[in-house]
Amino acid sequence: GQQLNQSPQSMFIQEGEDVSMNCTSSSIFNTWLWYKQDPGEGPVLLIALYKAGELTSNGRLTAQFGITRKDSFLNISASIPSDVGIYFCAGQLGTYNNNDMRFGAGTRLTVKP
Amino acid sequence: GAVVSQHPSWVICKSGTSVKIECRSLDFQATTMFWYRQFPKQSLMLMATSNEGSKATYEQGVEKDKFLINHASLTLSTLTVTSAHPEDSSFYICSARWLGRAYNSPLHFGNGTRLTVT
């Protein structure tokens with residue numbers, strides 16, 4: 001099956017710094033999604049991307065769907081302590097009723113005040 | 001909208017007992033729900049796909065007789081861990097896809113259930 005490579009695995013940054021993480025795949029996807037997971041909770045959807053080349057923002061978060069449909073990145077600007085958590089990328093082919101969603105291994109973000 | 005509720009949020013049980021975890025879509029109908037397992041510091045591992053009114057589809061390596069899934073309605077799926085063992089201790093998360101939305105609509109996740117088997 002499709003493999004998603006997410007990097008970096010972890011990041012330690014100072015409050016106020018910008019963050020960038022990305023996902024690449026050996027196969028194409030029709031949808032790219034970014035989720036954040038806080039400890040002991042389920043993932044929460046941050047941004048959904050549906051078209052190659054699409055650039056979407058959600059507050060301080062910006063994500064792009066790569067032109068080749070094999071990659072996506074997520075940027076967080078001016079990080080704050082509550083940005084701490086694990087960020088997962090997910091690629092989806094979009095076949096209804098089948099779980100065609102694949103997850104990256106996650107990027108663990110630590111923000112130092 | 002698109003709220004998925006999972007219950008309980010945590011449970012401790014003794015070896016050999018069974019535990020039922022509920023997953024409800026609160027404000028939408030979901031023909032398909034998914035069950036994941038997550039080990040510490042790892043990504044989500046799909047266990048099974050639960051379709052309303054039919055048998056669940058299990059991923060390779062997941063014992064269907066151990067992890068019983070029932071999807072009796074468009075808003076409720078249950079996962080029962082039967083004859084639990086300590087190695088079943090994990091974080092279990094469900095997700096649901098909004099019926100009627102586009103085929104590529106995102107999954108919405110429950111808050112997870114922390115199972116500890118002693």
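In what follows, chains carry the letters A, B, and so on, assigned in the order in which the sequence lines appear, proteins first and then strands, with residues in each chain numbered from 1. It should be emphasised that the depicted structure is a prediction, and the values quoted were computed from it without experimental measurement.
Connection of B:Leu68 to B:Val11 is not established within any shared hydrophobic cluster, with ILVMFWY side chains joined at heavy-atom distances below 4.5 Å, either directly or through further cluster members. B:Leu79 and B:Leu107 are members of different hydrophobic clusters when ILVMFWY side chains are connected at heavy-atom separations under 4.5 Å. Linking ILVMFWY residues whenever their side-chain heavy atoms come closer than 4.5 Å, directly or via other members, leaves B:Met33 and B:Tyr36 in distinct clusters. Criterion: ILVMFWY side-chain heavy atoms under 4.5 Å apart, direct or through other members. Under it, B:Met45 and A:Tyr35 are not part of a common hydrophobic cluster.
Residues A:Glu41 and B:Phe91 approach most closely at O-CE2, 3.5 Å, considering heavy atoms. For A:Pro43 against B:Leu44, the heavy-atom pair with the smallest separation is CG-CD2, 4.0 Å. A pairwise comparison of heavy atoms in A:Phe88 and B:Gln38 identifies CZ-NE2, 3.6 Å as the closest pair.
No donor-acceptor pair under 3.5 Å is formed between the side chain of B:Ser43 and the backbone N or O of A:Gly106.
With a 4.5 Å cut-off on non-hydrogen atoms, A:Gln37 touches chain B through its side chain but not through its backbone.
Among A:Ala90, A:Gly42, A:Ala48, A:Gly104, the residue making the largest number of heavy-atom pairs under 4.5 Å with chain B is A:Gly42.
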Without placing hydrogens or testing angles, list every side-chain donor-acceptor pair under 3.5 Å for residues 109-118 of chain B, not counting sequence neighbours.
residue, atom, partner, partner atom, Å
B:Thr113, OG1, B:Gln6, NE2, 3.1
B:Thr113, OG1, B:Pro8, O, 2.5
B:Thr118, OG1, B:Cys13, O, 3.3

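Within the 4.5 Å cutoff, no side-chain heavy atoms of A:Phe103 are placed close to those of B:Leu46.
The neighbour count for A:Gln9 CD, taken as heavy atoms of other residues, nucleotides or ligands under 6.0 Å away, does not exceed 12.
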